Amino acid sequence: MNKPRVVLIGATPALLALGQTARRLLPEVEIVIHDRDRDAMQRAQQAGAAHHAEWNLPAACEGAAAIFVAGSLDELALVLRTMRGDLHPQTLLASVGLPTSAALALADQHLPREFTFFATRLSLNPALHSAALPLQGAVWAITPRPGAAPDQVDTFATLAGQLEVQPIFLDAVEQEGIAFAVDDLPAIWASA
């Protein structure tokens, strides 16, 4: 029996935390990491964030139940262009940590309307997470693409619950405002 496959594209800290937590809490799931940097993939595996690494993007995503893309908007555009003909409409497809409106615009540009897409941001809670469960106590801000299938939204919420993460569903403006307040504003104040 094949395990459901979750693909992490981009070896960012958020995706590594997602992979480590999923491996611990969802042993029935196969976690695959893809990154253009082979050393980053190897480090991700060594950190316990993935069962295996796959350098070939189509091979990594083949039959995936969920695909999470981080790193850059260019990476997201490449994934959407490359994979749009091979994705199953029920595949959970999400960006993690990318600008919300821009990620949603790329989904509109590259994906057929029947595909649900989520622009998301993980906010880790250092007071609650542990080395074994780095997402524990995190908040997962989730913005579904307009017209998202309700069953896909429910599936995403269920996944967040299984990962012991608190999902909050926001529209694009709300998510970007919160990201500015939490990520950008403190950096601006620190540099002033």
Side-chain angles (χ1 to χ4, degrees), residues 4-35 40-41 43-51 64-73 75-76 79 91-104 107 116-145 148 152-187 189-190:
R5 176 180 280 203
V6 172
V7 180
L8 309 176
I9 300 175
T12 65
L15 286 190
L16 296 182
L18 176 61
Q20 290 166 331
T21 302
R23 282 196 67 188
R24 178 73 186 255
L25 295 177
L26 304 173
E28 69 281 2
V29 172
E30 173 192 23
I31 310 295
V32 177
I33 186 99
H34 167 81
D35 195 290
M41 288 191 298
R43 287 190 301 273
Q45 277 188 275
Q46 290 169 346
H51 292 99
I67 301 171
F68 297 96
V69 183
S72 72
L73 290 169
E75 188 72 29
L76 176 60
V79 169
T91 300
L92 283 180
L93 183 57
S95 65
V96 179
L98 300 176
T100 306
S101 294
L104 292 170
T116 298
F117 176 83
F118 301 90
T120 74
R121 180 176 302 273
L122 276 166
S123 296
L124 305 180
N125 185 338
L128 295 179
H129 87 282
S130 67
L133 297 172
L135 286 188
Q136 188 173 26
V139 173
W140 204 342
I142 303 165
T143 302
R145 180 181 182 192
Q152 289 281 77
V153 175
D154 290 344
T155 299
F156 205 120
T158 299
L159 174 64
Q162 290 172 325
L163 294 172
E164 299 182 11
V165 174
Q166 178 62 50
I168 57 171
F169 289 88
L170 305 166
D171 67 27
V173 173
E174 290 172 322
Q175 190 179 141
E176 287 178 345
I178 291 170
F180 176 76
V182 172
D183 297 333
D184 301 333
L185 197 54
W189 283 110

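The shown structure was predicted, so the numbers you read here are calculated from the model rather than taken from an experiment.
Here the closest heavy-atom approach between residue A44 and residue L16 is recorded as CB-CD2, 3.4 Å. Residues A102 and L73 share a closest heavy-atom pair of CB-CD1, 3.6 Å. The two residues G10 and I33 have their closest heavy-atom pair at O-CD1, 4.2 Å. Nearest approach of A65 to P4, heavy atoms of both residues: CB-CB, 4.3 Å. Contact record, G71 with T12: N-CG2, 3.7 Å, taken as the closest heavy-atom pair.
With values rounded to the nearest 0.5 angstrom, H34 atom NE2 is found 11.0 Å from I67 atom CD1. Between atom NE2 of residue H51 and atom CD1 of residue I31 there is a gap of 6.5 Å, rounded to the nearest 0.5 Å. T100 contributes atom OG1, which lies 11.5 Å from atom CD1 of I142 (distance to the nearest 0.5 angstrom). Annotation: the span from Q166 atom CD to Q136 atom CD amounts to 13.0 Å, rounded to 0.5 Å. Taken from CD1 in I168 to OG1 in T143, the straight-line distance is 9.0 Å, to the nearest 0.5 Å.
Looking at heavy atoms from C-beta onward, L18 lies in side-chain contact with L8 at the 4.5 angstrom threshold. Residues T158 and T155 form no side-chain contact, since every pair of their non-hydrogen atoms from C-beta on lies 4.5 Å or further apart. Between Q152 and L92, some side-chain heavy-atom pair lies under the 4.5 Å cut-off. Side-chain contact between E164 and T21: absent, with no pair of heavy atoms (C-beta onward) separated by less than 4.5 Å. F68 has its side chain out of reach of L122: every pair of non-hydrogen atoms, C-beta onward, lies at least 4.5 Å apart. Contact annotation: the side chain of L163 approaches that of L26 to within less than 4.5 Å [non-hydrogen atoms, C-beta and beyond].
Under the 3.5 Å distance criterion, the side-chain polar atoms of E75 are left unmatched by any main-chain donor or acceptor of I9. Side-chain N or O atoms of T91 include one that pairs as donor or acceptor with a backbone N or O of A64 at under 3.5 Å. In terms of modelled atom types and a separation under 3.5 Å, the side chain of D35 and the main chain of A40 share no donor-acceptor contact. In terms of modelled atom types and a separation under 3.5 Å, the side chain of T120 and the main chain of S95 share a donor-acceptor contact.
Below 30°, between 30° and 60°, or above 60°: for W140 and F156 the angle between ring planes is above 60°, a perpendicular geometry.
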